[in-house]
2 protein chains.
Amino acid sequence: MAQENCLQDIELYKKRSLSLKDALELLSGKWKLVVLLHLYHHGTSRFKDLQEGCVSISPKVLSKELQNLEINQLITRTVNNTKPVTVSYAITEHALEIEPVIMALVEFGMKHRVKITAA
Amino acid sequence: MAQENCLQDIELYKKRSLSLKDALELLSGKWKLVVLLHLYHHGTSRFKDLQEGCVSISPKVLSKELQNLEINQLITRTVNNTKPVTVSYAITEHALEIEPVIMALVEFGMKHRVKITAA
DNA sequence: CAGGATCCGTGACGATACTG
DNA sequence: CAGTATCGTCACGGATCCTG
């Protein structure tokens with residue numbers, strides 16, 4: 001019986017680790033969250049706007065981050081039929097679901113900075 | 001007036017980015033969260049237990065991760081006066097404050113996996 | 001304008017061996 | 001037992017140039 005609970009614990013634990021890993025992979029990287037914050041704020045943006053939003057990001061890197069975000073369905077990519085082609089990136093509902101979590105991280109980050117610099 | 005609000009927005013935005021960056025640096029890396037989950041679960045652990053908990057982590061890497069966590073006051077390190085020296089690592093209250101956030105991440109990770117594998 | 005191709009430095013992570 | 005030392009690898013991010 002105790003054995004059973006223990007095994008369940010281990011399974012739960014493993015599942016959590018994997019889920020956590022998944023979630024972190026979504027957000028890890030130098031720019032993904034900057035992009036997300038920008039899109040949370042603006043709702044939708046073009047490539048160039050994002051490039052200016054992330055000061056000093058190279059187009060290659062931005063492109064890659066955007067592709068990753070699109071694959072994970074956190075943003076959508078739509079090509080506009082304009083003379084010089086423009087592309088719009090927009091936040092998805094799925095991404096909106098993590099917004100509170102991200103904001104919680106922001107809050108903790110602020111608290112943490114205070115705590116660490118005080119010590 | 002609108003100008004003022006705009007500037008405030010920019011400041012808030014920058015502050016958020018920085019806080020977020022701080023928070024992520026705490027948790028980023030391949031092993032930090034595995035260690036934290038282990039300690040959330042067990043409360044306190046010795047070096048070897050952690051090493052076995054994180055299957056296939058090298059002592060050097062584990063050591064480095066632990067140092068980092070200690071610097072950020074997420075764990076404490078205490079040396080025990082035993083025959084062969086043992087060291088205990090324990091979770092701090094500060095780390096307990098992020099636990100709900102981490103669990104939120106876990107939850108999102110599970111949802112996300114379902115959503116992605118379905119597509 | 002959007003972003004792919006190429007080249008490159010750096011740091012994170014790993015394997016193994018060794019010490020107090 | 002709890003690490004440190006040393007060496008090696010590889011992917012991430014960056015700089016620059018090029019194209020549809």
Side-chain angles (χ1 to χ4, degrees), chain A residues 17-18 20-39 42 44-72 74-91, chain B residues 17-18 20-39 42 44-72 74-91:
Chain A
S17 297
L18 287 180
L20 194 43
K21 203 179 158 193
D22 285 352
L24 279 181
E25 271 171 11
L26 292 190
L27 307 179
S28 71
K30 198 170 173 183
W31 297 107
K32 254 158 240 154
L33 280 148
V34 182
V35 172
L36 280 183
L37 273 189
H38 190 100
L39 285 177
H42 294 87
T44 175
S45 279
R46 290 184 315 160
F47 191 88
K48 199 190 179 186
D49 294 331
L50 288 171
Q51 199 170 353
E52 284 164 1
C54 313
V55 187
S56 88
I57 191 177
S58 79
K60 182 193 99 179
V61 175
L62 178 55
S63 173
K64 197 183 160 199
E65 303 282 290
L66 289 172
Q67 282 170 23
N68 188 297
L69 289 172
E70 195 194 357
I71 288 176
N72 287 310
L74 296 178
I75 62 172
T76 59
R77 194 187 102 111
T78 50
V79 180
N80 305 321
N81 268 338
T82 48
K83 322 98 190 205
V85 181
T86 58
V87 178
S88 299
Y89 291 91
I91 207 87
Chain B
S17 298
L18 287 179
L20 193 44
K21 203 179 157 193
D22 285 353
L24 279 180
E25 271 170 13
L26 292 190
L27 306 180
S28 71
K30 198 170 174 183
W31 297 106
K32 253 157 243 156
L33 280 148
V34 182
V35 173
L36 280 183
L37 273 189
H38 190 100
L39 285 177
H42 295 87
T44 174
S45 279
R46 291 183 315 159
F47 191 89
K48 198 191 180 187
D49 295 331
L50 289 170
Q51 201 171 350
E52 283 164 2
C54 313
V55 187
S56 88
I57 191 175
S58 79
K60 182 193 100 180
V61 174
L62 178 56
S63 172
K64 197 185 160 198
E65 303 282 292
L66 288 172
Q67 283 170 22
N68 187 298
L69 289 171
E70 195 193 357
I71 288 176
N72 287 309
L74 296 178
I75 62 173
T76 60
R77 194 186 101 112
T78 51
V79 181
N80 306 320
N81 269 338
T82 49
K83 323 99 189 207
V85 181
T86 59
V87 179
S88 300
Y89 292 92
I91 208 86

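Chain identifiers are assigned alphabetically (A, B, ...) following the order of the sequence lines, protein sequences preceding nucleic acid strands; residue numbering begins at 1 within each chain.
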N or O in side chain of A/Gln67 less than 4.0 angstrom from C/dA2 OP1/OP2
no

Interatomic distance, A/Leu66 CG vs D/dG13 C1' [rounded to whole Å]:
15 Å

Rounded to whole angstrom units, what separation is found between the CG atom of B/Leu50 and the C1' atom of D/dA2?
12 Å

Taking CG from A/Asp49 and P from C/dC1, how many angstroms apart are they, rounded to a whole number?
10 Å

B/Thr44 (side chain) donor-acceptor with B/Tyr89 (main chain) under 3.5 angstrom:
yes

How many Å lie between CZ on A/Phe47 and C1' on C/dA2, as a whole number?
6 Å

Check whether any side-chain heavy atom of B/Leu36 lies under 4.5 Å from a side-chain heavy atom of B/Ile91, and answer yes or no.
yes

For nucleotides 7-20 of chain C, 5' to 3', base contacts (B), sugar-phosphate-only contacts (S) and non-contacts (-) with protein non-hydrogen atoms under 4.0 Å give B----SBBB-----

Closest heavy-atom contact between A/Asp49 and A/His38?
O-CE1, 4.0 Å

Within this structure, what is the CD1-to-C1' distance between B/Ile75 and D/dA2, rounded to whole angstrom?
14 Å

Whole-Å distance, B/Glu52 CD to D/dG3 C1', equals 15 Å

Interatomic spacing from CG in A/Asp22 to CG in A/Leu27 - rounded to 0.5 Å:
11.0 Å

Side-chain N,O (A/Tyr89) to OP1/OP2 (C/dC1) below 4.0 Å:
no

What pairs of donor and acceptor atoms, side-chain ones from residues 51-69 of chain A against any protein atom, are under 3.5 angstrom apart with sequence neighbours left out?
| unit_1 | atom_1 | unit_2 | atom_2 | d |
| --- | --- | --- | --- | --- |
| A/Ser58 | OG | A/Val61 | N | 3.4 |
| A/Ser63 | OG | A/Gln67 | NE2 | 3.4 |
| A/Glu65 | OE1 | A/Lys32 | N | 3.2 |
| A/Asn68 | OD1 | A/Asn72 | ND2 | 2.9 |

Between atom NE2 of B/His42 and atom CG of B/Leu37, what is the distance when rounded to the nearest 0.5 Å?
11.0 Å

As a test of reading the structure: which of C/dA2, D/dA2, D/dG3 is closest to the side chain of B/Lys48, going by heavy atoms?
D/dA2

Tell me: CG of A/Asn81 to P of C/dA2, nearest whole Å?
14 Å

Side chain of A/Ser17, backbone of B/Val34: donor and acceptor closer than 3.5 Å?
no

Figure out the CD/C1' separation between A/Gln51 and D/dG14, and round it to whole Å.
13 Å

Using a cut-off of strictly less than 4.0 Å, decide whether B/Ser63 has a side-chain nitrogen or oxygen near OP1 or OP2 of D/dT4.
yes

